[in-house]
Amino acid sequence: MNWNNIDLNSPYESSQNLLDGYDFDTILLEVSCNLKEITPETVRKQALESINCKYKTAIEILEANLQNLTDAALKYRAIV
């Protein structure tokens with residue numbers, strides 16, 4: 001799948017998450033593997049770094065697909 005050119009006519013591609021989930025199990029794994037010292041502050045920092053990274057990636061994917069989204073929305077509006 002080309003994340004820089006999502007095929008919105010493909011049920012598989014159009015159903016992919018723009019922003020991946022981030023659950024407590026993932027935070028626990030990251031914290032236990034990445035942090036020497038585990039405190040509320042270091043846990044917060046680790047989680048926020050991961051969240052910001054996912055957010056930036058989602059924005060990049062959105063930007064790369066704005067024309068695809070615009071075209072699909074206009075096509076959908078014409079059908080409805």
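The structure presented is a predicted model; accordingly, all values stated were derived computationally and were not measured.
- The hydrophobic cluster containing M1 also contains L62, counting ILVMFWY residues as joined when their side-chain heavy atoms lie under 4.5 angstrom apart, directly or transitively.
- Between the CG atom in N34 and the NZ atom in K45 there is a gap of 11.5 Å [rounded to 0.5 Å].
- Checked by atom type and distance alone, the side chain of N17 never pairs as donor or acceptor with a backbone atom of L19 at under 3.5 Å.
- One hydrophobic cluster, built from ILVMFWY side chains closer than 4.5 Å, holds both W3 and L69.
- Looking only at distances, no side-chain donor or acceptor of N5 sits under 3.5 Å from a matching main-chain atom of N65.
- In this structure, T26 contributes its side chain and Y22 its backbone to no donor-acceptor pair below 3.5 Å.
- Clustering ILVMFWY residues whenever any of their side-chain heavy atoms sit less than 4.5 angstrom apart, transitively, puts L66 in the very cluster that holds I61.
- In this structure, the side chain of E13 does not engage the main chain of N9 through any donor-acceptor pair within 3.5 Å.
- A donor-acceptor pair under 3.5 Å links the side-chain atoms of N68 to the main chain of I6, judged by distance alone.
- Between I27 and Q46, every side-chain heavy-atom pair lies at or beyond the 4.5 Å cut-off.
- Nearest heavy-atom pair, L8 versus A72, reported as atom, atom and distance to 0.1 Å: CD1-CB, 3.7 Å.
- A distance of 6.5 Å separates OG1 of T42 from CD1 of I38, quoted to the nearest 0.5 Å.
- In the hydrophobic clustering of ILVMFWY residues, with side-chain heavy atoms under 4.5 Å counting as a link, L18 and I51 come out apart.
- The closest side-chain heavy-atom distance from K75 to D71 is not below 4.5 Å.
- Hydrophobic clustering of Ile, Leu, Val, Met, Phe, Trp and Tyr side chains at less than 4.5 Å, counting indirect connections, keeps L48 apart from I59.
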